[in-house]
2 protein chains.
Amino acid sequence: MAERISDAEHAVMEVLWRRAPLTAIEVSDALADERNWSLQTVKTLLGRLVAKNVVAHEADGRRYLYRPLVEREDYVAGESQRLVDRLFGGRVTPLVAHLAETQQLSDKDIAEIEALLKALKS
Amino acid sequence: MAERISDAEHAVMEVLWRRAPLTAIEVSDALADERNWSLQTVKTLLGRLVAKNVVAHEADGRRYLYRPLVEREDYVAGESQRLVDRLFGGRVTPLVAHLAETQQLSDKDIAEIEALLKALKS
DNA sequence: CTCGACTGACTACAGATGTAGTCATCATCT
DNA sequence: AGATGATGACTACATCTGTAGTCAGTCGAG
């Protein structure tokens with residue numbers, strides 16, 4: 001049932017995750033710098049997200065307030081999983097290895113991750 | 001210039017990355033279990049990949065041999081970067097943190113990553 | 001009450017994507 | 001030489017995506 005969220009839709013979701021509920025206008029304003037969309041475009045995207053059941057819209061007088069129905073956490077988890085599955089055979093270690101090699105990790109980054117791992121090793 | 005590769009196209013690329021050059025038929029056969037595509041479908045996807053300049057086709061008698069023009073490494077790097085940018089503000093550390101928490105990393109996994117990081121810390 | 005502003009609903013449309021059929025051509029078997 | 005099979009080229013078509021215009025209803029100002 002977890003409908004796929006397109007790129008443009010994702011931008012809208014990010015706004016709602018940051019602050020919700022919002023009206024269509026508010027969402028549009030929040031996107032003003034990033035994307036150069038007309039209000040109509042934002043409304044269409046909101047409509048599609050509602051149709052996909054990932055955003056709820058409740059009437060507030062004569063306009064709607066939109067709020068996300070899925071947690072950002074869940075979305076991020078899903079997308080990350082997709083990547084890991086598609087490109088790394090479902091294994092996280094190769095991904096981390098890849099990132100470690102490709103990206104310039106500062107010593108601070110490395111220390112941070114090491115600390116994190118240590119914490120996991122209960 | 002790096003045209004975007006769709007999901008279905010990616011499946012074809014994986015085959016070519018594993019072994020190349022291949023004919024359309026061979027690619028189709030290699031995909032037989034995973035996806036249930038007709039030969040025509042595979043040919044269309046190959047055609048699109050050629051159009052996108054990520055696959056080369058050279059004549060071999062009266063059929064074509066297809067070979068990838070982009071390295072898997074580069075594709076993986078690009079896609080990973082996209083994810084990191086879209087979901088983690090371009091920072092790798094939060095992604096690793098997320099993965100570490102979400103996935104069940106075995107002690108062996110953790111040890112592996114730790115070793116990797118240690119190697120990086122010149 | 002009437003008119004305009006605000007807002008959602010509906011419609012549009014080009015390009016991408018997933019999936020596949022049909023046509024033309026060349027090689028080969030008989 | 002004609003029939004048959006293999007193979008790429010071209011065409012098709014529904015759906016999804018990105019982007020946006022137009023219509024219609026309602027609330028507030030005059």
Side-chain angles (χ1 to χ4, degrees), chain A residues 1-16 20-67 75 78-79 82 86, chain B residues 1-16 20-67 70 75 78-79 82 85-86:
Chain A
M1 199 70 14
E3 301 267 11
R4 208 102 183 66
I5 293 175
S6 82
D7 241 41
E9 289 161 3
H10 172 235
V12 170
M13 289 305 284
E14 286 294 345
V15 171
L16 291 178
L22 294 178
T23 67
I25 310 256
E26 287 168 325
V27 173
S28 182
D29 285 349
L31 285 166
D33 355 323
E34 272 187 80
R35 315 272 187 146
N36 218 31
W37 289 338
S38 82
L39 173 58
Q40 300 315 320
T41 299
V42 173
K43 281 186 188 174
T44 298
L45 293 173
L46 281 169
R48 287 178 185 170
L49 288 167
V50 169
K52 287 183 181 177
N53 253 301
V54 289
V55 161
H57 68 337
E58 72 209 43
D60 168 52
R62 42 210 238 61
R63 67 241 173 105
Y64 280 119
L65 290 181
Y66 296 87
R67 84 173 64 247
Y75 176 74
E79 288 299 296
R82 253 176 71 79
R86 285 199 325 137
Chain B
M1 198 75 8
E3 301 265 11
R4 208 104 181 65
I5 293 175
S6 82
D7 241 42
E9 289 161 3
H10 172 235
V12 170
M13 288 305 285
E14 286 293 345
V15 171
L16 290 178
L22 294 178
T23 68
I25 310 256
E26 287 169 326
V27 173
S28 182
D29 285 349
L31 284 166
D33 357 323
E34 272 185 80
R35 314 271 188 149
N36 218 32
W37 289 336
S38 83
L39 174 59
Q40 300 316 317
T41 298
V42 174
K43 281 188 188 171
T44 297
L45 293 173
L46 281 169
R48 287 180 186 170
L49 287 167
V50 170
K52 288 183 181 176
N53 253 301
V54 290
V55 162
H57 68 336
E58 73 209 44
D60 167 52
R62 40 208 239 64
R63 67 241 173 104
Y64 280 120
L65 289 181
Y66 296 89
R67 84 173 63 247
V70 302
Y75 176 73
E79 288 300 296
R82 254 177 71 78
D85 286 347
R86 287 198 325 134

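Sequence lines set the chain letters: A, B, ... in the order given, protein chains first and strands last, and positions in each chain run from 1. As the structure is a computational prediction, the values presented were derived from the model and not from experiment.
In the 5' to 3' direction, nucleotides of DNA chain D lying under 4.0 Å from heavy atoms of chain A begin and end at D:dT17 to D:dC27.
Here the straight-line distance linking atom NZ of B:Lys52 with atom CD of B:Glu9 works out to 3.5 Å at 0.5 Å rounding.
Remark: B:Asp7 pairs with A:Arg82, A:Arg86 by the side-chain contact (heavy atoms from CB on, under 4.5 Å) rule, at least two apart or across chains. Not counting sequence neighbours, the partners of A:Tyr64 by the ring-ring contact (aromatic ring centres under 6.0 Å, His included) test are A:His57. Shown here are the side-chain hydrogen bond (donor to acceptor under 3.5 Å, both in side chains) partners of A:Arg63, two or more places apart in sequence or in another chain: A:Asp60. The side-chain contact (heavy atoms from CB on, under 4.5 Å) check on B:Asp85 picks up B:Gln81, with sequence neighbours excluded. Partners of B:Arg67 under the salt bridge (Lys or Arg N to Asp or Glu O under 4.0 Å) rule, at least two apart in sequence or in another chain, are B:Glu58.
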Listing, residues 37-49 of chain A side-chain donor-acceptor contacts under 3.5 Å, not counting sequence neighbours, or none:
from    : atom 1 : to      : atom 2 : distance (Å)
A:Ser38 : OG     : A:Gln40 : N      : 3.2
A:Ser38 : OG     : A:Thr41 : N      : 3.2
A:Ser38 : OG     : A:Thr41 : OG1    : 3.3
A:Thr44 : OG1    : A:Gln40 : O      : 3.1

Let me have the donor-acceptor pairs involving side chains of residues 24-31 of chain B, under 3.5 Å, with sequence neighbours excluded, atom names and distances please.
from    : atom 1 : to      : atom 2 : distance (Å)
B:Glu26 : OE1    : B:Thr23 : N      : 2.8
B:Glu26 : OE1    : B:Thr23 : OG1    : 3.4

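Base engagement by B:Thr41 is indicated by at least one non-hydrogen atom pair under 4.0 Å involving a base atom.
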Where do N or O atoms of nucleotides 5-8 of chain C meet protein N or O atoms at under 3.5 Å, pair by pair?
from  : atom 1 : to      : atom 2 : distance (Å)
C:dG8 : OP1    : A:Tyr64 : N      : 3.0
C:dG8 : N7     : A:Lys43 : NZ     : 2.8

Which atom pairs link the protein and nucleotides 14-17 of chain C when you take only N or O atoms and keep those under 3.5 Å?
from   : atom 1 : to      : atom 2 : distance (Å)
C:dT17 : OP2    : B:Lys52 : NZ     : 3.0

